[in-house]
Amino acid sequence: MTMSKDPVVQFGVFYALLFPGVFGFVPSPTNVSVVCHNFVNVLFWNYSNPTEQLKFGVKVEPYESASQTVDTSQTYLDISSYSRDADDDYFVFVTAHDGQEKSENVSIRFTYSKDYFNENTHKYKCSLNFPAVNTSVHKDVIEVSFQHIFLLHKQDILNEEFKYTITHDEQKVLYSCFVEEELCTAEIHFNQSVAGQCVELKLEGMIAGIPSYTYRNVCVPQQTPETDKTGIIAALLGGGTIVLFIIIGFVWLLWRKWSKIPKMPQGLWCVISRQSHTMLVSQPEPTDICPVTSQGPPSSPTEEACKTVSTLDDTVVDLSEVSEEDMDCEDSEGFGRLSDYDRPKFLQEMSPGDCTEGYGPRPPVL
């Protein structure tokens, strides 16, 4: 086969060899993708034939604002600063440049907004992190709480109702909360059979058409059976009653035993009282004379009564309580003039084996 001698054809072949980029001889980037998560958007691509002069042109074209173009020699580019509006829709074009030559561009489309998202035209769906989840276990209930997702990312697009589901034991329950609420909460009931085990919770949320999800393992502690307090109270009451009866019986026995002790003779009480008084009131020791019978002539009944009155525990007698007979005795014996201590003491037998001190007749007054 021979090349055509037509000058037009020859010029075309020469021009194609001289300017190959015009006819697409520079390969285009491949596997262009974008990771848009938490409003951080990074573009990635591959290239099979890199050269020293190779560069890539990235054009970000929003739907509602002006486009911007950036050159880079890397095979990735953070385009977050060129796609800040989460409500907008973005077209991204990537072209390879080798000197004056360039490839055909490759485009993708992404958005955070539910108003623009279309499964047929948008290959990538942007997402958000689910807020940090707090869990606690109370009896047979797992309590879940977390902040509204707007408080985490501070994007106006998120200032609306946050709908979320919690899946446990193949059961999915739908919840929702608003920014005005302090916390988003939920309660998950579980069977007592999972006590002592860990269960997995899957939380999925959707706000402004933007999905978010997370997983959380919750360990349920072994439940301690509650003690029946009624039995304890009954046991305490019964024990208290028994102790009370024991105390009462002990006191009754002491009283019975004490009541059987014979009373102390009156004479012994007199001796004890006299000894107590002698210890309290210091006085010279008298000379004890213990005749079996009293000295001097027998005294009259009136004198015996006077002696008895004078020997009662050496205590002071209230005159208002002394009988008229005692007063007569005092007058006849001179009680108003001299003290009983002026009389000589002697012992007198009150009963067999029982002696007491007494005072003899006063000496005559000269």
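Given the structure is predicted, the values throughout are model-derived calculations rather than measurements.
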Are [X] and [Y] side-chain neighbours, meaning at least one heavy-atom pair lies under 4.5 Å?
| X | Y | value |
| --- | --- | --- |
| Leu158 | Leu151 | no |
| Arg216 | Thr135 | yes |
| Val42 | Ile79 | no |
| Glu104 | Thr95 | no |
| Glu143 | Val141 | yes |
| Asp140 | Asn191 | no |
| Phe93 | Val106 | no |

Expected output: side-chain [X] to main-chain [Y] donor-acceptor under 3.5 Å:
| X | Y | result |
| --- | --- | --- |
| Gln171 | His168 | no |
| Ser28 | Ser103 | no |
| Asp78 | Ser80 | yes |

Problem - Test side-chain hydrogen bond (donor to acceptor under 3.5 Å, both in side chains) applied to Thr69 - qualifying residues, sequence neighbours left out - result: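 Thr69 satisfies side-chain hydrogen bond (donor to acceptor under 3.5 Å, both in side chains) with no residue once adjacent residues are dropped.
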Practice task
Please work out whether the ring planes of Phe146 and Phe162 are parallel, tilted or perpendicular, with thresholds of 30° and 60°.
Solution key: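 Phe146 and Phe162: perpendicular rings.
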Practice task
Give the ring-plane orientation class for Tyr213 versus Tyr215, where under 30° counts as parallel, over 60° as perpendicular and anything between as tilted.
Solution key: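 Taking Tyr215 first and then Tyr213, their aromatic rings stand perpendicular (interplane angle over 60°).
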[X] side, atom [atom1]; [Y] side, atom [atom2] - distance, nearest 0.5 Å:
| X | Y | atom1 | atom2 | result |
| --- | --- | --- | --- | --- |
| Asp156 | Asp85 | CG | CG | 9.5 Å |
| Lys154 | Ile149 | NZ | CD1 | 12.5 Å |
| Ser127 | Asn38 | OG | CG | 7.0 Å |
| Lys55 | Gln74 | NZ | CD | 11.5 Å |
| Thr72 | Leu77 | OG1 | CG | 6.0 Å |
| Glu61 | Ser83 | CD | OG | 13.5 Å |

Problem - Results of side-chain contact (heavy atoms from CB on, under 4.5 Å) for Ile108 - residues two or more places apart only - result: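 Expected list: Val32, Val34, Leu43, Val92, Tyr124.
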Handout entry: CA sep, side-chain torsions, deciding dist, call: Leu203, Val133, side chain to side chain contact (heavy atoms under 4.5 Å, CB included)
Key = CA-CA 9 Å; Leu203 296 93; Val133 179; 4.1 Å; yes
Handout entry: Over 12 non-hydrogen atoms of neighbours within 6.0 angstrom of CD in Glu64
Key =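 Yes - once you tally the heavy atoms of other residues, nucleotides and ligands closer than 6.0 Å, there are more than 12.
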Practice task
Give a yes or no on whether Gln53 atom CD has more than 12 heavy-atom contacts from other residues, nucleotides or ligands under 6.0 Å away.
Solution key: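 12 or below, so no.
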Examine [X] together with [Y] and report whether their ring centres are nearer than 6.0 Å.
| X | Y | result |
| --- | --- | --- |
| Phe91 | Tyr63 | no |
| Tyr47 | Phe56 | yes |
| Trp45 | Tyr76 | no |

Exercise for the section: Go through Asp87 and Ser113 one step at a time and tell me if the side-chain hydrogen bond (donor to acceptor under 3.5 Å, both in side chains) criterion holds. Expected result: CA-CA 5 Å; Asp87 288 330; Ser113 174; 5.0 Å; no
Side-chain donor-acceptor contact under 3.5 Å, [X] with [Y]:
| X | Y | result |
| --- | --- | --- |
| Thr30 | Asn46 | no |
| His37 | Asn129 | yes |
| Ser176 | Glu161 | yes |
| Asn41 | Tyr112 | yes |

Exercise for the section: Not counting sequence neighbours, which residues clear salt bridge (Lys or Arg N to Asp or Glu O under 4.0 Å) with Arg109? List them please. Expected result: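 With neighbours one apart ignored, the set is Asp89.
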Tell me the closest heavy-atom pair linking [X] and [Y], and the distance in Å.
| X | Y | answer |
| --- | --- | --- |
| Thr185 | Tyr175 | O-CD2, 4.3 Å |
| His148 | Glu160 | NE2-O, 2.9 Å |
| Asp88 | Ser65 | OD2-OG, 3.9 Å |
| Lys59 | Ser67 | CE-OG, 3.7 Å |
| His153 | Phe39 | CB-CE1, 3.8 Å |
| Pro27 | Asn49 | CG-ND2, 3.5 Å |

Exercise for the section: Test side chain to side chain contact (heavy atoms under 4.5 Å, CB included) on Phe44 and Thr75 and set out the steps. Expected result: CA-CA 6 Å; Phe44 297 91; Thr75 55; over 6 Å; no
Problem - Leu152-Phe130 co-clustered via ILVMFWY side chain contacts under 4.5 Å - result: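 Different clusters.
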Exercise for the section: Give a yes or no on whether Val94 and Leu54 share a hydrophobic cluster (residues Ile, Leu, Val, Met, Phe, Trp, Tyr; joining criterion: side-chain heavy atoms under 4.5 Å apart). Expected result: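 Yes, one cluster joins them.
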Handout entry: Salt-bridge criterion met for Lys202 and Glu200 (N-O under 4.0 Å)
Key =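 No, Lys202 and Glu200 are not salt-bridged.
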Practice task
Under the side chain to side chain contact (heavy atoms under 4.5 Å, CB included) rule, what do Val173 and Tyr164 come out as? Steps first, then yes or no, please.
Solution key: CA-CA 8 Å; Val173 182; Tyr164 57 95; over 6 Å; no
Practice task
Determine, stepwise, if the pair Ile166 / Lys172 fulfils side chain to side chain contact (heavy atoms under 4.5 Å, CB included).
Solution key: CA-CA 6 Å; Ile166 300 179; Lys172 181 182 291 188; over 6 Å; no
Exercise for the section: Please name the residue in the list Thr167, Val144, Asp169, Asn217 that meets the side-chain contact (heavy atoms from CB on, under 4.5 Å) test with Leu201. Expected result: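 Exactly one candidate clears the test, Val144.
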